[in-house]
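The structure appears below as structure tokens.
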Amino acid sequence: MTSVLGRLPLYTDSWQKAHYRVSKSPAMEFFYQAQVEVIAHAGAQAVFGSAGDTYLQRLDEQGIDLPTSFSRRRQQLIAADMWSTICTGAARRNLRWLFIHAWLLEINSWLVRPVDEAEADRIVAQTMFGYMTEALDIRSKSEITPLFSRMRNHWLPPDYSRLPGQNVDDSERSSYFTRVCGNVSAQMAGALLGMPYFEILAAQFGNQSLRYPVPSLPSDPDMALESLDGQPLTD
């Protein structure tokens with residue numbers, strides 16, 4: 001996982017340096033533990049299902065499909081297995097890695113905004129970015145509680161708490177704390193959903209000409225996995 005996601009353009013230098021900077025903030029451990037508690041309470045697959053649906057809904061709203069060789073259904077199945085694996089046992093260290101990766105994806109998503117963006121959208125974007133950078137800059141545990149308190153008591157404006165497919169706000173409006181946590185969860189699921197599983201499997205099981213990215217693919221890449229059922233996925 002890290003060998004693939006760690007090569008994304010997100011990391012202009014190296015993922016090691018970027019992750020080190022994030023991990024220096026004690027606030028990140030609190031946010032991470034909040035994610036772990038949600039997984040423990042709701043169940044790994046329930047969390048992945050909800051976060052993955054949110055991520056895919058956002059892609060659909062933008063008219064974007066997963067840029068993968070396998071179908072969306074196949075990507076969801078493999079990503080769900082990957083999620084279950086990193087949520088348990090010795091592989092849990094990869095969950096922390098994925099959390100930091102998702103945090104960086106999310107904070108970068110608020111950097112570049114449309115030039116014709118509505119004023120309300122611009123304010124929300126600035127506030128999200130401000131809270132997330134403030135969390136990164138924390139160096140003392142005494143600063144965490146005041147930040148979390150402000151985020152939990154700062155509500156998103158009307159019309160910004162809609163569930164996928166709804167035209168009105170959910171009955172429970174989102175605070176900036178819940179929105180940041182929810183968006184990071186969606187980015188975690190999205191990172192796994194977008195992994196090039198077909199190319200990884202093809203390289204691992206005998207066709208070394210298929211690397212990621214690949215210039216051409218079989219007409220039905222889903223069929224290529226049928227003979228690999230039960231084989232382990234590796235980083």
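Just so we're clear, the structure is a prediction, and the values are computed from it rather than from any experiment.
Atom CG of L105 and atom CD1 of I100 lie 12.0 Å apart (nearest 0.5 Å). Between the CE atom of M128 and the CD atom of E106 there is a distance of 5.0 Å, given to the nearest 0.5 Å. From T178, atom OG1 reaches atom CG of L156 across 7.0 Å, with rounding to the nearest 0.5 Å. Rounding to the nearest 0.5 Å gives a distance of 8.0 Å between CG of L77 and OG of S71.
A salt bridge is absent between D13 and R21; no separation between the charged side-chain nitrogens and carboxylate oxygens falls under 4.0 Å. Ion pairing between a basic and an acidic side chain is recognised when a charged N comes within 4.0 Å of a carboxylate O; R58 and E61 show no such pairing.
Note: W15 and W97 have perpendicular aromatic rings, judged against thresholds of 30 and 60 degrees for the angle between ring planes. The aromatic rings of Y11 and H19 sit tilted relative to each other, their planes meeting at an angle between 30° and 60°.
At distances below 3.5 Å, at least one donor-acceptor pair connects side-chain atoms of T133 with backbone N or O atoms of G130. Under a 3.5 Å cut-off, the side chain of S25 and the backbone N or O of V22 do not form any donor-acceptor pair. With Y197 contributing its side chain and L192 its backbone, the two residues share a donor-acceptor pair below 3.5 Å. Side-chain N or O atoms of S149 include none that pairs as donor or acceptor with a backbone N or O of T145 at under 3.5 Å. Side chain of T54 to main chain of S50: a donor-acceptor pair is present (N/O by atom type, distance under 3.5 Å, no hydrogens or angles). Q45 contributes a side-chain N or O that, together with a main-chain N or O of A80, makes up a donor-acceptor pair within less than 3.5 Å. Listed for the W83 side chain is a donor-acceptor partner under 3.5 Å among the backbone atoms of A44.
Residue W103 comes nearest to A135 through the heavy atom pair CZ2-CB, 4.0 Å, listed as atom of the first residue, atom of the second, then distance. Nearest heavy-atom pair, F48 versus Q76, reported as atom, atom and distance to 0.1 Å: CE2-O, 4.2 Å. Between L66 and L193 the shortest heavy-atom distance is CD1-O, 3.9 Å. Of all heavy-atom pairs spanning Y32 and F99, the tightest one is N-CZ, 3.6 Å. Scanning all heavy atoms of the two residues, the minimum distance from S175 to R152 falls at CB-O, 3.5 Å. Smallest separation of non-hydrogen atoms from T68 and M195: CG2-O, 3.9 Å.
Under a hydrophobic-cluster definition in which Ile, Leu, Val, Met, Phe, Trp and Tyr are linked whenever side-chain heavy atoms come within less than 4.5 Å, directly or via other members, W155 and M151 are assigned to different clusters. No chain of hydrophobic side-chain contacts below 4.5 Å, direct or via other Ile, Leu, Val, Met, Phe, Trp or Tyr residues, connects I123 to M132.
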Set out, in order, the CA-CA distance, both residues' side-chain angles and the distance that settles ring pair (Phe, Tyr, Trp, His ring centres under 6.0 Å) for Y131 and F177, then state yes or no. CA-CA 9 Å; Y131 277 134; F177 180 84; 9.9 Å; no

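Counted by atom type alone, Q33 and E29 present one or more donor-acceptor pairs between their side chains at under 3.5 Å.
Residues Q57 and D53 fail the side-chain proximity criterion, which asks for heavy atoms closer than 4.5 Å.
Residues satisfying the side-chain hydrogen bond (donor to acceptor under 3.5 Å, both in side chains) test with S174, not counting sequence neighbours, are R179.
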